[in-house]
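Since the structure comes first, as structure tokens, the remarks are kept for the end.
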There are 2 protein chains.
Amino acid sequence: MNDKRMQEMLANLDVENPSEVCPIKDVLAAMLDKWTMMIVLVLGKHKVLRFADVKRSVVGISPKMLTKSLRTLERDGHVLRTVYPEVPIRVEYNLTDQGYIFLKKLVDLADWIVPHVPTIVKNREEFIK
Amino acid sequence: MNDKRMQEMLANLDVENPSEVCPIKDVLAAMLDKWTMMIVLVLGKHKVLRFADVKRSVVGISPKMLTKSLRTLERDGHVLRTVYPEVPIRVEYNLTDQGYIFLKKLVDLADWIVPHVPTIVKNREEFIK
DNA sequence: TTAGCAAGTATACAAAAGGATAGTGTTGTT
DNA sequence: AACAACACTATCCTTTTGTATACTTGCTAA
């Protein structure tokens, strides 16, 4: 991506729009939430998971936040929720194609930051302010 | 990025690590915060901005949150803060090379999500749960 | 008939994030 | 002497986020 293309995208995003409701920002913010991100990563790793599995994988999450985040992901089309009316009930979650692309972007970002992390952590320790 | 590479990255990220302190997650979370993201975008657009300029561009941010986010960005090496001891004092902010790569990843994510936003917003309206 | 499971809901509370706004320090201008 | 400019701090208060945990529902097995 060259600088001109970047400036086009930034104009498109309308970053300085004073409007309260900006769908792009909303959609992005919903995706980049802490818990949401972790859920997408574990679903990317395991392909299909039940509610309790996700809960186990996303260490420290409460059922309330898990439900909330999964619902948002489902609502925005990143995750597919499938209910099997067995007894006891079984519910499976997996990424949609759209969710899978989102995962790739996330992993791409992580891939780039990982080698920088030790330096950043070191800088943080020295940065007293 | 193929699936095998993805799985390697996910293993590397150690997404299911129960440890409270995971530097990778910390660094990512700090980057993907709502205000932080907006600041990176406006700095990408204008190259160099003073405190009051950033405040004007990031609509709705309070000085407290602006300072906090700028400090985090500086601490993590995404932003350079330059003080000119004039009177009145002048402080300039701009992205570092590292911050510029971060911006590219962010814009890349946005670039992909923008065409999906209308559908997502429509789905949200229909999704009553 | 009582127990038990899965997948949540509901409730109460605690912690963190964030908003509004006043104050600080320095020095040139009126 | 009062004021203004700038880049913040500090304080108070509200909102949001999150935790912990008890409860629900529907059916099945002991």
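Scope of the values below: all heavy atoms of this structure, side chains included, with no hydrogens, waters or symmetry mates. Naming convention: chains lettered A, B, ... in sequence-line order (proteins, then strands); numbering from 1 in each chain.
Two residues, I61(A) and K64(B), neighbour DNA chain D, and the one matched to the more 5' nucleotide by heavy-atom proximity is K64(B).
The side chain of R56(A) places no N or O atom within less than 4.0 Å of a non-bridging phosphate oxygen (OP1 or OP2) of dA6(C). Taking 4.0 angstrom as the limit, Y93(B) places a side-chain polar atom (N or O) nearer than this to OP1 or OP2 of dC8(D). Under 4.0 angstrom from either OP1 or OP2 of dA7(C) there lies at least one side-chain N or O belonging to R50(A). Taking 4.0 angstrom as the limit, R81(B) places none of its side-chain polar atoms (N or O) nearer than this to OP1 or OP2 of dA7(D).
In this structure the side chain of L49(B) reaches within 4.5 angstrom of the side chain of H46(B), judged on heavy atoms.
Note on ring orientation: taking the six-membered ring where Trp is involved, the planes of F102(A) and W112(B) are parallel (angle under 30°, cut-offs 30° and 60°).
Judged by distance alone, the side chain of D26(A) and the main-chain N or O of P23(A) form no donor-acceptor pair under 3.5 Å. In this structure, the side chain of Q98(A) engages the main chain of D76(A) through a donor-acceptor pair within 3.5 Å. The backbone N or O of P63(B) sits less than 3.5 Å from a side-chain atom of T67(B), completing a donor-acceptor pair.
If you measure from atom NZ of K34(A) to atom P of dT17(D), you get 13 Å, rounded to the nearest angstrom. Going from atom CZ of R71(B) over to atom P of dA10(D) covers 11 Å, rounded to whole Å. Per the geometry, CG belonging to L66(B) stands 15 Å off C1' belonging to dA17(C), to the nearest Å. R90(B) has its CZ atom 17 Å from the P atom of dT27(C), to the nearest Å. In this structure, the CD atom of E86(A) is 14 Å from the P atom of dG8(C), given to the nearest Å. Atoms CE (M65(A)) and C1' (dA7(C)) sit 17 Å apart, rounded to a whole Å. One interatomic measurement links the two molecules: CG of D53(B) to P of dC6(D), which rounds to 9 Å at whole-angstrom precision. In this entry the distance linking NZ of K55(A) with P of dG8(C) reads 13 Å, nearest Å.
At a threshold of 4.0 Å, the pair R81(A)-E92(A) does not count as salt-bridged, since none of the basic side-chain nitrogens sits closer than that to a carboxylate oxygen. Ion pairing between a basic and an acidic side chain is recognised when a charged N comes within 4.0 Å of a carboxylate O; D53(A) and R56(A) show such pairing. The pair D33(B)-K68(B) fails the salt-bridge criterion, with no side-chain N (NZ, NE, NH1 or NH2) lying under 4.0 Å from an Asp/Glu carboxylate O.
Note that the two end axes of the helix from dT1(C)-dA30(D) to dT30(C)-dA1(D) enclose an angle of 30°, each drawn from 5 base pairs, rounded to 10 degrees.
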With the criterion being N/O to N/O and under 3.5 Å, what pairs connect the protein with nucleotides 26-30 of chain D, and how long is each?
none

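Candidate nucleotides dA7(D), dT21(D), dG18(D) were compared by shortest atom distance to the side chain of P63(A), and dT21(D) ranks first.
Cation-pi geometry between R90(A) and Y84(A) is met: under 6.0 angstrom from the ring centre, within 45 degrees of the axis.
Listed by chain and residue number, nothing satisfies the side chain to side chain donor-acceptor pair (under 3.5 Å) test with N2(A) (two or more places apart in sequence, or in another chain).
Contacts of Y84(A) with the nucleic acid, taken as non-hydrogen atoms under 4.0 Å apart, are absent.
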